[in-house]
Amino acid sequence: MTETFDSLNPANGDVVGTYPVHGADEVDAAVDRAHEAATWWSGLTFAERKEVLTTWKGVMTRRIAQLSHLVHEETGKPHGDAQLEIVLMLDHLSWAAGHARKVLGRRSVSPGMLMANQAATVEYKPLGVIGVIGPWNYPVFTPMGSIAYALAAGNAVVFKPSEYTPGVGTWLADTFAEVVPDHPVLQVVTGGGETGAALARARVGKVAFTGSTATGKKVMAAAAERLTPVIVEAGGKDALIVDEDADLVAAADAAVWGGMANAGQTCAGVERVYVHEKVYDDFVSEVLEQAGRVRAGSDSQAQIGPITMPSQVGVIASHVDDALARGGRALLGGRDAVGERFVQPTVLVDVPEDSLAVTDETFGPTLTIAKVADMDEAVARANASRYALGSTVFSSARGAEIAARLRTGMTAVNSVISFAAIPSLPFGGVGDSGFGRIHGPDGLKEFTFAKATARQRVKPPMLLTSFSRTAKEDGQLTQLATLLHGGSKTLPKAPRKGLRRSR
Ligand code: NAD
């Protein structure tokens, strides 16, 4: 008999659904079927794939209430938040389907002077089958950031959703199968870490993993057995910086929503805030007022839901405990705010920079707020994390300048997490936040390999790639090289000290 597991409603523990635990044999079989489907799918034109993906988009859009409810049941997040992630996903799907030809299709490039007799083209070919391993916090938006782009690029996909949201993953594959009943272009395998590990070891062209940094390392190790490339979209400890001239009400709104929406369970959510000392007190009061109106609960009036993964409650508690034990103060919430299933908004100040609440991903509705002397200090502290996913700046005059100095994959200026909703922008991290990019042109290319073709148009004046090349031609080549690359006689002046800043 097939082993099964239950998907539970985190607000009350009710069983939402029961799903099979797929083992390595079943995962391998799904990947084999996917290879056949990939042959068919990659043989379609970009326009044909766009038509299929657009039809699927229509089916999902018309059933948005059904999918929102399922997301609500499996994650506990409010219906409105569930709908928001679905709408953003639809926009990404639309962009990926609509831009795949322009980004990936064959185009001519200059062959250069030496090879002027050649016609040079480059195109981006699908990798075949992509294994997608997803998290539970945004069970539609996050995995679809890989799935939509991988499909648009001409790949088949085998998707292993989180064991906390198998129903959402199954729903996505089922609706796709309604549009394409004869070819398993998008399949789902369900189960826990073992199922994910089997997918990472399977005969796939790439693994797109989204989840914790620790699991990302395991996925890389498993994929290395076949030299399978991976994308790792891992955790974050994103900072929000408030300059002295910032709109404080808007900055506080961004900090509270960015830190507490989805009960803080957002990879690119705000976890740390650094505020210019001149506006620190006013900013903190504004945050307290706004955060004081946010409540976690399962009723329709609650702005945030439960902590989806029960073990995370202990992590949040340990971060709050550590902060308080080391001199931090809770101006809102605190240890009592951490319940069995729900965590109420918590604002911590005077927390040492080396405490867990500042160094590690908390993934709860908590914020640490620290005072800084100037924006140099804010940037230095923000950049001091081993994570580097997203960041936020609030400043009237210097937003772009401060943003450019933040070493993170994405930065929002005077808004929060907006980059994730712009389909043409790449999304991904640096350092412990992972590598590789989803979304945008980079996100399409991520699921392809570059194919270069050089086609000889006319015979060359000198045949360089032949044993028939003569000593005379070697001499002519030297003359040509001097002409092309010999350059000016004067050397550029060396910078006086250090390296010049690249602009
Ligand atoms: P997780 O690492 O526990 O699990 C992620 C997925 O990996 C799940 O499907 C899980 O079953 C699977 N898995 C577990 N062990 C595995 C193994 N050994 N081999 C292969 N797969 C395995 O993460 P989670 O708790 O589901 O998600 C939360 C984390 O995801 C947070 O750290 C969050 O920041 C991160 N996240 C990142 C992004 C991003 O885009 N950067 C987006 C959303 C979430």
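Counting convention: from 1, in listed order, for ligands and their atoms alike. We count residues from 1, following the sequence as given.
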State the atoms of ligand 1, each with its element, that fall below the 4.0 Å cut-off from a heavy-atom position in [X].
X	result
S162	9 (O)
L389	41 (N)
A197	19 (N), 20 (C), 21 (N)

Quick look: E194 vs ligand 1, heavy-atom contacts under 4.0 Å, and the answer is neither
Considering only protein heavy atoms, which is closest to [atom], and at what distance to one decimal place?
atom	answer
atom 12 (C) of ligand 1	I133 CG2, 3.7 Å
atom 35 (C) of ligand 1	G211 O, 3.3 Å
atom 13 (N) of ligand 1	T215 CG2, 3.5 Å
atom 23 (O) of ligand 1	S212 N, 3.4 Å
atom 27 (O) of ligand 1	P135 CB, 3.4 Å
atom 43 (C) of ligand 1	N137 OD1, 3.3 Å
atom 40 (O) of ligand 1	F427 CE2, 3.3 Å
atom 17 (C) of ligand 1	G193 O, 3.6 Å

Sub-3.5 Å donor-acceptor pair from the side chain of [X] to the main-chain atoms of [Y], do we have one?
X	Y	result
D243	A246	no
T213	D432	yes
R295	I304	no
T346	G334	yes

- Face-on cation placement of K206 at F449 ring, 6.0 Å and 45° thresholds: no
So that I can tick it off, tell me whether [Y] and [X] are bridged by a salt bridge, with the cut-off set at under 4.0 angstrom between side-chain N and carboxylate O.
X	Y	value
E74	K77	no
R203	D28	no
E225	R201	yes
R326	D354	yes

Output for pair (E194 CD, K160 NZ), nearest 0.5 Å, gives 10.5 Å
Value for SG (C267) from CD (E233), rounded to nearest 0.5 Å, stands at 7.5 Å
Strictly less than 4.0 Å: does any protein heavy-atom distance to atom 4 (O) of ligand 1 fall in that range?
no
Min over F363, Y387, Y138 of heavy-atom distance to atom 33 (C) of ligand 1 lands on F363
Among S433, G134, C267, closest by heavy atom to atom 36 (N) of ligand 1 is C267
**Prompt:** Less than 6.0 Å separating the ring centroids of H99 and F46?
**Reply:** no
> Given the side-chain rings of W136 and F363, with only the six-membered ring counted for Trp, is the space between their centroids under 6.0 Å?
Replying inline: yes
Less than 3.5 Å between some nitrogen or oxygen of [X] and one of ligand 1, yes or no?
X	value
W136	yes
E361	yes
T210	no
E163	yes
K218	no

Does even one non-hydrogen atom of A222 get within less than 4.0 Å of ligand 1? no
| query | Should A234 be listed as contacting ligand 1, given a heavy-atom distance under 4.0 Å as the test? | reply | yes
